Peer 1: 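Attaching a single structure in structure tokens format; questions to follow.
Being a predicted model, the structure only gives us computed values, none of them experimental. Chain identifiers are assigned alphabetically (A, B, ...) following the order of the sequence lines, protein sequences preceding nucleic acid strands; residue numbering begins at 1 within each chain.
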Amino acid sequence: MVREPLVLGIESSCDETGVALVRGTELLGHAVASSVDEHVRFGGVVPEIASRAHLEALLPTLRRACEEAGLTLADVDVVAVTAGPGLAGALLVGVAAAKALALALDVPLLGVNHLVAHVAVDVLVSGALPERSLALLVSGGHTELLDVASPSGDARDLRVELLGQTLDDAAGEAFDKVARLLGLPYPGGPHVQRAAESGDPRAFAFPRGLTAAHDLRRHPHDFSFSGLKTAVSREVEAHRRAGGDVTDPAFVADVAASFQEAVADVLARKAVAACRERGVGVLLLGGGVAANSRVRGLLAERCEAAGITLRVPPLRLCTDNGAMVAALGSLAVAAGLGPSPLGLATDPGLPVTTVVV
Amino acid sequence: MLILALDTSSSVGAALLDGERLLAAEQHHDPRRHGELLAPAVSAVLAAAGVDRRELGAVAVGVGPAPFTGLRVGVATALVLGEALGIPVHGVGSLDALAATALAAGRQSLAGGFVVAADARRREVHWARIAVDDASDPLSGWRRTGGPAVAAPTDVPAEGLPAVGRGAELYREALPGLPVGAPGGEPGDRADRAALPTDPDPGVLGALVARRLERGGELLPPQPLYLRRPDAKVPAALAGR
Ligand SMILES: [Zn+2]
């Protein structure tokens, strides 16, 4: 039997530098370096800092991935890299590295779509893409609902359609902003979740963006979190004006829990409604916000009630990483897609319908 | 030893050299497409010289100073080529490469010393001041006596010396070049300001590294010389709260 090609994946679209090695649907080595600590004092990802960090992390991450796999670069058969969407300067570092690797090893290059890679990472767990699924991708950089069809279980006939996306803030960004309002550190996700543990999710009736009947007609599958953030801001302000202590742990806990509930509710409601409307039985969750246990929990509850199978990859594969890029590269190679030219351009706004550039 | 030289500090350039001898070069003056143009240029110079990548002995790369994004393309490419081919990567200042490039083109007319100035964007230049000891030797016959540094064009301490490079082209008032009709000593010497190079030549950059490997001289780690701190403002979406 012919061995499947060894695919090296490089991811650098935001603040994570990821390199991984995948053969077929088997993850052999996986390393991620994050510049998250360097962005803390700015309350969000600073593109120039992220790009500098990618360059510094490049070789150490590459070496760690190879070491973990017990392989060398000479074993690599294909190099896959995130070509977009993402931060322009950050993408450039990964793509330059991937091209140099393809040149030096004389192997094909594959520029792939970051969002589709979030979907494809599931094959490392399940072995094949579901024939049909919806994917909910939620992170600090994106919030999308995708319709994914793959009748053959590989990338040959992979069709991805953007059903909906956020009209303003990404879900993870909303966590960051609310954390700032509550005096909690960046990144907001884990801190808001911790604060919410002792809070009452019904203490405040925060709005569920784009769920009113008139909004649903125009934006059935889109999201909006800026109104939610404004509502939280107003609540904090009202509390302050009433002479309350806005750092009071009980107040913070109630606001955090109510906010988190609103996000989880909107995500679950929209995703389940889309599955029902389209008659799709599998929902795939991806992105860093998958780390939030309430988001996962409520999705699991509502999916079960609706008879939908919820698939959540292990968390280290939900956040941005090279394994998802290598997984999609592996699917693409098996399907005969690519290679991409050495003149491949990065595309910060790459549409989700483009799987391989 | 075969050296692959890369520079993305301003233009996008790749050159292949055997020691100081140029075998092939490609240079694009397109400051916005470093990421697209560099890898094909590397591929092209290898093909033009009929050299297999595995025969390379070292990579030389311009490490700036330069505007950030393009510079990183060159450094990332050099680092990974070095890693994958198991060969050393030597950094060299892009302003040094520009100085050697300029002197190679205008030996006598620049013999009294000159300033190199590259476009740093945001109405600033990256500059260095050069004293010439032996104008007939563009690789070793000069020293840096100021810089590399970043400054507004009017703040560059040019001390009346002519300025060369894209930064000088952009800010002619603040950084005047050679006087028209400056004396040209050797046949082929280009005293005409317009004929002097605006960007480092990747072939000269490679020869400079070959020379410094041979005789000593400043070689830098393959890391960008940023000179400026990152623009680390609170992102607009978070401001005003
Ligand atoms: Zn992502």
Side-chain angles (χ1 to χ4, degrees), chain A residues 10 12 38-39 41-56 58-59 62-63 66 72-74 76 79 88-107 109 168-170 173 176-177 180-181 186 226 229-230 233 341-346, chain B residues 4 6 8 12 14 28 32-47 52-54 56 59 61 63 67-87 89 221-224 226 228-241:
Chain A
I10 300 178
S12 75
E38 297 176 56
H39 304 289
R41 65 200 177 98
F42 306 108
V45 174
V46 180
E48 174 59 24
I49 292 179
S51 300
R52 289 186 182 195
H54 282 306
L55 186 59
E56 280 166 33
L58 198 54
L59 291 191
L62 193 61
R63 287 173 189 153
C66 288
T72 69
L73 290 176
V76 172
V79 178
L91 289 168
L92 266 178
V93 176
V95 168
K99 289 180 177 182
L101 210 47
L103 248 172
L105 303 174
D106 197 21
V107 299
L109 172 76
D168 36 64
D169 298 341
E173 209 179 341
D176 294 338
K177 290 181 176 180
R180 272 168 73 95
L181 289 170
Y186 174 88
S226 71
K229 182 211 71 187
T230 307
S233 161
L342 273 184
L344 164 77
T346 52
Chain B
L4 176 69
L6 312 175
T8 56
V12 190
H28 302 278
R32 302 267 167 206
R33 292 171 63 220
H34 293 108
E36 290 156 66
L37 296 171
L38 184 62
V42 170
S43 187
V45 296
L46 287 169
D52 186 282
R53 67 207 189 282
R54 285 164 297 195
L56 292 174
V59 181
V61 63
V63 295
F68 315 138
T69 300
L71 180 62
R72 272 190 292 266
V73 169
V75 176
T77 302
L79 283 173
V80 172
L81 285 173
E83 177 80 2
L85 296 170
I87 56 176
V89 182
Q223 295 159 3
Y226 287 120
R228 279 194 195 121
R229 287 147 70 89
D231 251 357
K233 282 174 284 188
V234 171
L238 292 184
R241 288 188 307 106

Peer 1: Counting only heavy atoms closer than 4.5 Å, note whether B:Leu81 contacts chain A via side chain, backbone, both or neither.
Peer 2: both

Peer 1: List the atom of A:Leu92, the atom of B:Gly35, and the distance in Å for their closest heavy-atom pair.
Peer 2: CD2-CA, 3.7 Å

Peer 1: Any carboxylate oxygen within less than 4.0 angstrom of a Lys/Arg side-chain nitrogen, looking at A:Glu48 and B:Arg72?
Peer 2: yes

Peer 1: Is A:Thr346 in contact with chain B via its backbone, its side chain, both, or neither, using a 4.5 Å heavy-atom distance?
Peer 2: neither

Peer 1: Considering only heavy atoms, which portion of A:Asp106 lies under 4.5 Å from any heavy atom of chain B: side chain, backbone, both, or neither?
Peer 2: both

Peer 1: Please report the shortest heavy-atom distance between B:Ala76 and A:Leu58, naming the atom on each side.
Peer 2: CB-CD2, 4.0 Å

Peer 1: Of all heavy-atom pairs between B:Arg53 and A:Leu103, which one has the smallest distance, and what is that distance?
Peer 2: CD-O, 2.9 Å

Peer 1: Which one, B:Thr69, B:Leu79, B:Val42, leads in non-hydrogen pairs under 4.5 Å with chain A?
Peer 2: B:Leu79

Peer 1: Using a 4.5 angstrom heavy-atom cutoff, name the option from A:Gly94, A:Ala96, A:Ala104, A:Ala97 with the most pairs to chain B.
Peer 2: A:Ala104

Peer 1: Output the option from A:Leu91, A:Leu105, A:Val95, A:Leu62 having the highest count of non-hydrogen pairs under 4.5 Å with chain B.
Peer 2: A:Leu105

Peer 1: Sort A:Leu73 into side chain, backbone, both or neither according to what part of it lies under 4.5 angstrom from a heavy atom of chain B.
Peer 2: side chain

